[in-house]
Amino acid sequence: VATYSILIDCYCKLGKIEDALNMFDKMIENGISPDTIIYTIVLSGLCLANRTYDAQGLLDKMINSGCLPDSITYNAMLSGVCKTGGIDEVFGLLKSFQDQGYTLGIKSYSCIIYALFRVGRFEEANSWFRKLCEENITPDLKVYTIMIQGFTEAGKIKDAWTMVQEMTERGVVPDTQCYNALIRGFCEMGLLEDAQSLKREMSENNCFPDTCTYNHLIYGACRNGKVEEAKQIFEEMEKAGCFPSVITFNTLIDGLCKAGEFEEARLLFYKMEIGTNPSLFLHLSQCTDRALDRESLQNLIARLCDSGLYLKAYRILIKLTDNCVLPD
RNA sequence: GCGGGGGUCUGGGU
C-alpha cells in the first residue's frame, strides 16, 4: 500500500487525477485493501482537482468499507471545501465532522478562517482567530499569513499591521510567502513605495524575493499605470537571478498591451519563446550558422561529454541557465 | 526510520 501511496500521491500533485484514480482502482483489483492514508491521498487529490463532491463520496465510501478517517482525512476534506465551496457548506461539514468526534486544531482553524476571508466575512474570521487563541492553540506562521492576507485584501491595512506586530511580538518570523501576501496587498492598493520597501526589508531578514514577489510588484506597477517601472522590475528580477515564469511574462505582456506598447509586448513575447527554447537561444547568442534543434543540441552535449569535454558541455548549459533559458 | 492535511502570483466576449 505504501508504494501505491507514493505513486498515487505523485500523480495527484502533478494534477493527473485520472491516472491516480486508475491506479487506485488497479490496486484494489490486485487485492490490496486501501488504508486511511491512501484514502486521504486520493481524497485530497480530488479536492485539488476541484472535485470536492467526489471527494465527499469517497469519504462516505471509506467509512462504509470500515476504514476510519483520522484528523488528517477530515482536514483534507475541510480544506477542499474551504477553498472552493460556500461558507454554509463549510459549516455544515464542520458540524457533521464534529458529530463524528473531530476536534479542531490549528489547521482546521486556518481553513475556516481562510474560507471566511474568501467570502469577505472578515469580522467572523477575526473572531475565529481569537477563539483559536482562547483555546490555547499557538497561532503559527501560516494562520498569521492568512490573517494578514485576508485583511489586506479587504483593504484593512491597519488590521493587517496589527497582525504583523502581534506575530513578531510572539517571535514568529515571517517567511517569503508571508511577505509576498503583504506585498500583494500593498500593490493592489497602489502603495507601490511601501511594497518596494517591504521587499528591501525582507532581504534584510534573510528572506529572499522570489519569482512570486516580483510578479506581485510587476502586476502592481502595471495596474497603477507605471509600465516603465514594471519593465525595470522585470530587468532587476533577471539580474537578481530570479527566473521569470509564464505568469511573469503574461503579466507584463498584458500590462504593455493595455498601455498601448504593442511593440514592446511583441518583443517580450519573442523573448519568452526564446526562453523556453534552448536551441533557439544558442542560435541567436552565438550567431551560429545554423539553428540547432533540440535533438542536435542534445547530441552536441552528448558528444562533448563522450570526448571528455565535460567542462565545455557544462559551460554551454551554464550559459543557458544564466540567461534564464532552462535546458530540458 | 518509509506514504497523506492548512498560507502568496497573470490573462481569456461576465
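Fair warning: this is a prediction, and the values are worked out from it, not measured in the lab. In what follows, every chain begins at residue 1, and chains take the letters A, B, ... in the order their sequences are listed.
Counted by atom type alone, A:N180 and A:D210 present one or more donor-acceptor pairs between their side chains at under 3.5 Å. A donor-acceptor contact closer than 3.5 angstrom is absent between the side chains of A:E169 and A:Q165.
Summarising the geometry, the separation between CG on A:D70 and C1' on B:rG3 is reported as 13 Å, rounded to the nearest angstrom. Distance, A:L58 CG to B:rG4 P: 17 Å, rounded to whole Å. Here the P atom of nucleotide B:rG4 and the OH atom of A:Y11 are 17 Å apart, to the nearest Å. Rounded to whole Å, atom C1' of B:rG4 lies 13 Å from atom CE of A:M27. Protein atom OH of A:Y39 is 16 Å distant from nucleotide atom C1' of B:rG3, rounded to whole Å.
Using a distance-only test at 3.5 Å, with no hydrogens or angles considered, a donor-acceptor pair links the side chain of A:T176 to the main chain of A:F208.
In this structure, the ring of A:F117 has its center less than 6.0 angstrom from the ring center of A:F151. No close placement of the A:F122 and A:F129 rings is indicated, their centers lying 6.0 Å or farther apart. A:Y214 has its ring centre no less than 6.0 Å from the ring centre of A:F243.
With respect to A:E263 and A:R266, no salt bridge is recorded, no charged nitrogen being found less than 4.0 Å from a carboxylate O. Salt-bridge annotation for A:R51 and A:E18: present, with a side-chain N of the basic residue lying under 4.0 Å from a carboxylate O of the acidic one.
When heavy atoms are screened at a 4.0 angstrom cut-off, A:I106 is found touching base atoms of the nucleic acid. Counting non-hydrogen atoms under 4.0 angstrom, A:V42 reaches nothing in the nucleic acid. Counting non-hydrogen atoms under 4.0 angstrom, A:T36 reaches a base of the nucleic acid. Nucleic acid contact class of A:I6 (heavy atoms, under 4.0 Å, all strands): sugar-phosphate only.
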Margin query: Let me check I have this right: for RNA chain B, each base becomes ., (, ), [, ] or |, based on Watson-Crick or G-U pairs with both distances under 3.5 Å. What is the full string?
Written below: ..............

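Applying the 3.5 Å distance criterion, the base of B:rG4 shares a donor-acceptor pair with the side chain of A:T73. Donor-acceptor pairing under 3.5 Å, judged by distance alone, is absent between the side chain of A:S79 and the base of B:rG6. On a pure distance criterion of 3.5 Å, a polar donor-acceptor pair joins the side chain of A:D35 and the base of B:rG3.
Nearest nucleotide to the side chain of A:I38, out of B:rG3, B:rG6, B:rG7: B:rG3.
OP1 or OP2 of B:rG7 has not a single side-chain nitrogen or oxygen of A:K107 nearer than 4.0 Å.
By the 6.0 Å and 45° rule, A:K131 stacks over the aromatic ring of A:W128.
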Check: In the 5'-to-3' direction, what one-character label does each nucleotide of nucleotides 8-14 of chain B receive under the scheme B = base within less than 4.0 Å of a protein heavy atom, S = sugar-phosphate only, - = no such atom?
Finding: BBBS---

